[in-house]
Amino acid sequence: MSDGAPGSAPRRPATARPRDPDVTGSEPPSRQELEAIESNQMAFAMAAGAEVAEDPELGVSLMSHADSGPQFNRAVRVRWPSGEVAQRLAEIETRMRSADRWPSVVVSEGLTEPANLAELLGSADWRRLTTERIMFTRHAPVVPHLDPGLRIEAVTPATVLECARLEVANFGMPPTDVGERAERLATAVAAGGMRAFIVRLLREPVASARLVPGDRVAGLGGIGVAASQRRRGYGRLITAVATRAGLATGHGLVWLSVDAANTAAVELYRSLGYEPSFAWSRWAAPADSVAASSSTFG
C-alpha cells in the first residue's frame, strides 16, 4: 500500500522509469544518436579482440585484429572531403596491405562522407561484401508469461563458457573458438563493457544475446537460439529481455543490425517494436586498386 489514505491504490515511486506511451512508432534517431550507434558498433568487434585506432588526419577509425580475415580489419567512421577520396583510399590501402590485411572500408548511409562514397567505390571496382540495416526501438517489448521450465539469467564470469559454447554452435564457428570466446566475454562482462543473457529450458541453455552499453544508445547482438529449439519463441524472448535491459539502464534507444534479406528476422524485430534506420555496407578493394585509384577518382 502507499503511504496515502487507507485503501488507496499503490503509487509508482518518483524515481521509476516512465511507462511507455501507447504509440505505434518512435522518434527517429537524432544525428548524435546515429553517430553513437556507428561508434557503438565497434564495441562488438573489440569484445572479440579487435583494436581501434582513431586517425583524425586520415579521417577514419582503423580497426585491426590478430586474425587477418576481413571481419575485424577495416576502416570505419569515414569522414573525407569529396576532393580527397583517391588520396585517402590510397593511404588506407598502403597501411592495410603493409600489415598483410586486405583493404576494407565501411560505408554508413547518411553518416559517411562524402555521401556518394559507395558509388565511387563501385566505380573503382571495389566489391560490396555485406549490407545490413540498423533497426532501433525506444520502447520495451512485452515479455509474455513464462513457461515454468524457463529461466532467464544474466551471464557471469562463472557461466561464460556455456554462453560461448551456445554461440559457437549457433553461428557455425569452429569448436576450438570456445575457449578464447569465453575468456574475452568474461573480461568484457567483468569490466562492465558488455552484458550477456541466457535463456535456459530445464537448465539447458537454449538462447543467448549480448548487449553493449554506449553513449546514449545500447547495441544488441549475438542473438541466437539452439538449432533444436528454434521457432518456439525463444529468439523473441531473449531479444525482448535484452532490449528491456538496455532501456532500463538509461539508454535512449536500443539498436541492432540485421541483413535486410533475412525477412524472418526483420519481421521478428518489427513485431518487437524495432524500426529501420540507416544501412551500412562493407567494401573490399580489388587487387590492383592502389594503382588504379588516381585515374578513377580524377
Side-chain angles (χ1 to χ4, degrees), residues 12 15-41 43-44 108-111 131-147 150-155 167 170-171 194-199 201 206-226 229-280:
R12 285 168 56 83
T15 55
R17 186 180 186 274
R19 290 190 175 97
D20 292 318
D22 293 327
V23 294
T24 56
S26 298
E27 181 73 18
S30 66
R31 175 74 185 195
Q32 285 183 319
E33 288 175 324
L34 292 175
E35 291 180 344
I37 292 172
E38 190 181 31
S39 298
N40 200 207
Q41 281 183 283
F44 289 99
S108 296
E109 181 182 75
L111 293 169
T131 300
E132 295 189 9
R133 181 163 295 279
I134 299 297
M135 300 184 73
F136 76 98
T137 185
R138 298 186 187 276
H139 307 293
V142 173
V143 178
H145 174 71
L146 301 181
D147 183 283
L150 287 176
R151 179 175 175 178
I152 303 169
E153 300 178 2
V155 173
E167 289 177 336
N170 286 341
F171 304 132
M194 177 174 286
R195 300 180 68 188
F197 304 89
I198 287 179
V199 172
L201 177 62
V206 297
S208 63
R210 297 188 179 200
L211 181 73
V212 174
D215 177 22
R216 301 181 177 86
V217 305
L220 181 56
I223 304 167
V225 179
Q229 300 293 338
R230 290 173 185 165
R231 306 186 69 83
R232 299 184 182 184
Y234 299 136
R236 172 182 296 275
L237 175 60
I238 194 70
T239 302
V241 168
T243 300
R244 294 181 74 90
L247 293 171
T249 48
H251 298 94
L253 63 81
V254 175
W255 66 270
L256 51 80
S257 187
V258 60
D259 184 345
N262 188 346
T263 54
V266 170
E267 288 307 311
L268 167 64
Y269 299 138
R270 279 187 178 276
S271 71
L272 290 170
Y274 279 84
E275 302 176 54
S277 184
F278 69 90
W280 66 274

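Both backbone and side-chain heavy atoms feed into the values below; hydrogens, waters and symmetry mates do not. Treat the numbers as computed from the prediction; the structure is a model and nothing was measured.
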E275 vs R133, salt bridge (charged side-chain N to carboxylate O under 4.0 Å, His left out): CA-CA, chis, key distance, verdict: CA-CA 10 Å; E275 302 176 54; R133 181 163 295 279; over 6 Å; no
Would you sort out whether R195 and F197 count as a side-chain contact (heavy atoms from CB on, under 4.5 Å), showing the intermediate values? CA-CA 7 Å; R195 300 180 68 188; F197 304 89; 3.9 Å; yes
Here the gap from E132 atom CD to L256 atom CG, rounded to the nearest 0.5 Å, amounts to 10.0 Å
Taking atom types as modelled and ignoring hydrogens, do the side chains of T137 and Y269 form a donor-acceptor contact shorter than 3.5 angstrom? no
Of all heavy-atom pairs linking L220 and A209, the shortest is CD1-CB, 4.1 Å
Considering all heavy atoms, the nearest R244-P141 contact: NH1-O, 2.6 Å
Atom CD1 in I37, atom CH2 in W255: separation rounded to 0.5 Å? 7.0 Å
Rounded to the nearest 0.5 Å, how far apart are CG of N40 and CG of D215? 9.0 Å
Do W280 and S257 have a side chain donor and acceptor closer than 3.5 Å? yes
Ionic contact status for E153 with R151, cut-off 4.0 Å: yes
Within a strict 4.5 Å, meaning less than it, do heavy atoms of the L211 and M194 side chains meet? no
Report yes if the side chains of P29 and L253 come closer than 4.5 Å at any heavy-atom pair, otherwise no. yes
Taking C-beta and beyond as the side chain, do R231 and V225 meet within less than 4.5 Å on heavy atoms? no
Do R216 and S30 pair up side chain to side chain, a donor and an acceptor below 3.5 Å, judged on atom types alone? no
To the nearest 0.5 Å, tell me how far I223 CD1 sits from S208 OG. 9.5 Å
Smallest heavy-atom separation, L268 atom then G235 atom, equals CD2-C, 4.5 Å
Can you check side-chain contact (heavy atoms from CB on, under 4.5 Å) on V258 and Y274, steps first, answer last? CA-CA 11 Å; V258 60; Y274 279 84; over 6 Å; no
So I198 and I152, side-chain contact (heavy atoms from CB on, under 4.5 Å) or not? Walk me through it. CA-CA 6 Å; I198 287 179; I152 303 169; over 6 Å; no
How far apart are the closest heavy atoms of G246 and H251, and which atoms are they? O-ND1, 3.0 Å
Nearest heavy-atom pair of P28 and R138: which atoms, and what distance? O-NH2, 3.4 Å
Go through the steps for T243 and L272 under the test side-chain contact (heavy atoms from CB on, under 4.5 Å), then give the verdict. CA-CA 9 Å; T243 300; L272 290 170; over 6 Å; no
At what distance, to the nearest 0.5 angstrom, does CD of E33 lie from CD of E27? 9.0 Å
To the nearest 0.5 angstrom, please state how far the CE atom of M135 sits from the CZ atom of R270. 5.0 Å
Any L34 side-chain heavy atom under 4.5 Å of S277 side chain: yes
F136 vs V217 side-chain heavy atoms within contact, under 4.5 Å: no
